[in-house]
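Okay, structure first, notes after.
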Amino acid sequence: MTRQALALQHVAFETLGTFEAVLQQAGYQVQYHDVGQQDLSGLDPLAADLLVILGGPVGVYEQAAYPFLATEQVLIRQRLAAGKPTLGICLGAQQIAHALGAGVAPGGVKEIGFAPLTLSAAGYASPLRHLDGVPVLHWHGDAFEVPAAAVALASTAVCPQAFAIGTTVLALQFHPEADASTGLESWLIGHACELAAAGIDPNRLRAEAQQHGATLREAGQRLLSEWLEALP
């Protein structure tokens with residue numbers, strides 16, 4: 001039987017990336033829900049076998065300016081309460097943390113570029129072990145606290161980077177799904193103002209993507225494949 005994976009997409013260039021092929025190979029039919037174009041309120045939070053909340057350039061605390069964030073929070077809380085498989089990436093991870101009562105706030109520094117993670121003991125025992133020593137793509141200014149109900153899996157010197165709740169909830173601050181091996185031009189264009197304000201040279205990111213993209217693609221796909229296999 002085909003399973004359903006629903007991805008909440010906030011900006012056009014932040015997709016499932018290299019994760020999409022893994023999902024399809026695992027028997028999932030992938031559907032995107034464009035949050036900017038499609039109403040979230042009509043979605044059944046429990047209908048999909050897997051919910052993936054993708055990244056985006058807004059903060060969970062900006063609900064007055066971006067009301068969809070509050071609607072998304074309701075959906076996530078209902079899904080978590082039901083124990084349904086849920087994966088959050090960047091903004092998605094922050095939304096999961098917030099839904100679980102943890103703090104999310106500007107981190108005081110933009111963490112943008114490729115750098116390795118520091119895995120916890122639990123991280124080494126999890127699918128994140130595939131990322132050990134692999135420079136992953138970081139692209140965020142906000143940071144989450146690890147929820148009380150969760151287990152911390154990874155961090156950098158800047159902030160926590162991953163947590164899990166059992167085998168069904170995984171939250172990743174970084175971007176293992178980004179297909180950097182094919183270049184990040186849409187990201188560089190879409191985030192041009194952010195890069196300029198942070199004084200980050202797009203050419204450095206291009207060079208890092210060329211250097212680390214293929215390794216990240218392979219490691220990220222192994223991570224997702226192992227996580228999917230453990231789902232109930």
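Among all heavy-atom pairs drawn from Ala162 and Leu172, the shortest one is CB-CD2, 3.8 Å. The minimum heavy-atom distance between Gly56 and His10, with the atom names listed, is CA-CB, 4.1 Å. Heavy-atom minimum distance, Val151 versus Val146: C-CG1, 4.5 Å.
Sorted by first then second residue, the side chain to side chain donor-acceptor pair (under 3.5 Å) pairs that include residues 15-28, not counting sequence neighbours, are Glu20-Tyr32. Under the side chain to side chain donor-acceptor pair (under 3.5 Å) criterion, the residue pairs touching residues 56-69 are Tyr61-Asp142, with sequence neighbours excluded. Judged as a side chain to side chain donor-acceptor pair (under 3.5 Å), the pairs with a partner in residues 93-103 (not counting sequence neighbours) are, in order, Glu72-Gln95, Gln73-Gln95, Gln94-Gln173.
With hydrogens and angles ignored, the 3.5 Å screen pairs a side-chain donor or acceptor of His33 with a backbone N or O of Asp39. Between the side chain of Arg3 and the backbone N or O of Ala26 there is at least one donor-acceptor pair closer than 3.5 Å. Looking only at distances, a side-chain donor or acceptor of Arg79 sits under 3.5 Å from a matching main-chain atom of Pro45.
Ring geometry for Phe114 versus His212: interplanar angle of 30 to 60°, hence tilted. Taking the six-membered ring where tryptophan is involved, the planes of Trp139 and His191 are tilted, since the angle between them lies from 30° to 60°.
Here the straight-line distance linking atom OG1 of Thr71 with atom CG of Leu8 works out to 11.5 Å at 0.5 Å rounding. The OG1 atom of Thr2 sits 6.5 Å away from atom CD of Gln29, with the distance rounded to the nearest 0.5 Å.
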Show the numbers, then the answer: is there a side-chain contact (heavy atoms from CB on, under 4.5 Å) between Ile53 and Leu91? CA-CA 8 Å; Ile53 310 108; Leu91 173 60; 5.8 Å; no

For a side-chain contact (heavy atoms from CB on, under 4.5 Å) check, start with the C-alpha distance between Leu231 and Asp49, then their side-chain angles and the critical distance, and finish with the verdict. CA-CA 10 Å; Leu231 290 178; Asp49 297 286; over 6 Å; no

Would Ile76 and Leu100 count as a side-chain contact (heavy atoms from CB on, under 4.5 Å) if you check the C-alpha gap in whole Å, the side-chain angles of each, and the deciding distance to 0.1 Å? CA-CA 9 Å; Ile76 292 170; Leu100 292 168; over 6 Å; no

Working note: Trp187 + Glu14, criterion side-chain contact (heavy atoms from CB on, under 4.5 Å); need CA distance, chi angles, decisive distance, verdict. CA-CA 8 Å; Trp187 290 62; Glu14 295 201 34; 3.8 Å; yes

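The hydrophobic clustering, which links ILVMFWY residues whose side-chain heavy atoms are closer than 4.5 Å, places Trp227 and Leu216 together.
Side-chain atoms of Pro135 and Glu208, non-hydrogen and from C-beta on, never get closer than 4.5 Å to each other. Put simply, the side chain of Leu128 reaches to within 4.5 Å of the side chain of Leu170, judged on heavy atoms. Counting heavy atoms from C-beta outward, Leu153 and Leu119 have side chains that stay 4.5 Å or more apart. At a threshold of 4.5 Å between non-hydrogen side-chain atoms, the residues Phe19 and Pro176 count as touching. In this structure, Leu6 and Leu43 have side chains that are in contact, with non-hydrogen atoms separated by less than 4.5 Å.
Counted within 6.0 Å of CD on Glu194, heavy atoms from surrounding residues, nucleotides or ligands total more than 12; the atom is thus considered enclosed.
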